[in-house]
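Reading through the structure tokens given below for one structure.
Predicted, not measured: the structure shown is a model, and the values here were computed from it.
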Amino acid sequence: TPDSVSMISDAISTGRPVYIYEIKKIKKKIKEFSEILIKKKIIRIFKGKIEKWVYLRVDNFSKIIKIIKNFF
């Protein structure tokens with residue numbers, strides 16, 4: 001379920017297909033986050049069929065490491 005930005009972020013960092021199941025009551029920030037990822041074709045809404053697809057893996061960890069190294 002799209003109930004946690006953290007869980008979705010962890011899942012998309014794998015580079016593997018990520019499905020979410022839509023729930024009716026959801027916080028605004030999570031809904032907006034999910035909508036952005038759907039538009040970028042990083043996640044999909046589960047509709048009963050599982051497919052495999054490829055997307056550009058989200059790797060913020062490497063970006064953060066570079067920033068830290070440049071800081072020191």
Side-chain angles (χ1 to χ4, degrees):
T1 62
D3 58 357
S4 169
V5 169
S6 178
M7 289 189 328
I8 294 171
S9 298
D10 288 344
I12 64 175
S13 71
T14 67
R16 303 251 169 106
V18 176
Y19 283 96
I20 60 169
Y21 182 81
E22 285 188 302
I23 52 178
K24 292 183 182 192
K25 289 190 175 186
I26 188 169
K27 292 179 184 176
K28 183 181 176 184
K29 72 173 186 173
I30 298 169
K31 182 177 175 113
E32 290 171 353
F33 180 69
S34 298
E35 287 172 351
I36 290 168
L37 295 176
I38 290 168
K39 283 183 183 179
K40 292 185 174 193
K41 299 183 180 183
I42 294 175
I43 66 173
R44 293 182 182 177
I45 298 170
F46 181 70
K47 296 181 180 178
K49 185 177 177 185
I50 297 176
E51 300 171 345
K52 189 172 183 172
W53 76 93
V54 179
Y55 59 90
L56 184 60
R57 188 173 148 229
V58 179
D59 184 13
N60 289 327
F61 184 73
S62 295
K63 292 176 187 175
I64 293 168
I65 293 295
K66 287 178 186 178
I67 292 169
I68 292 170
K69 285 182 178 180
N70 290 332
F71 183 74
F72 293 104

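Not a single donor-acceptor pair under 3.5 Å links the side chain of Tyr55 to the backbone N or O of Lys40.
Note that the CD1 atom of Ile26 and the NZ atom of Lys24 stand 13.5 Å from one another [nearest 0.5 Å].
Minimum interatomic distance between Phe33 and Ser9 (heavy atoms only, all atoms of both residues): CZ-OG, 3.6 Å. Considering every non-hydrogen atom in both Ile30 and Ser4, the closest pair reads CD1-N, 4.1 Å.
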Could you pull out all donor-acceptor pairs under 3.5 Å where a side-chain atom in residues 43-51 meets a protein atom, sequence neighbours excluded?
{"unit_1": "Arg44", "atom_1": "NH1", "unit_2": "Glu51", "atom_2": "OE1", "d": "3.0"}

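Both Ile8 and Trp53 are part of a single hydrophobic cluster, where members link through side-chain heavy atoms under 4.5 Å apart. Under the 4.5 Å side-chain contact rule for hydrophobic residues, Ile36 and Ile42 do not share a cluster.
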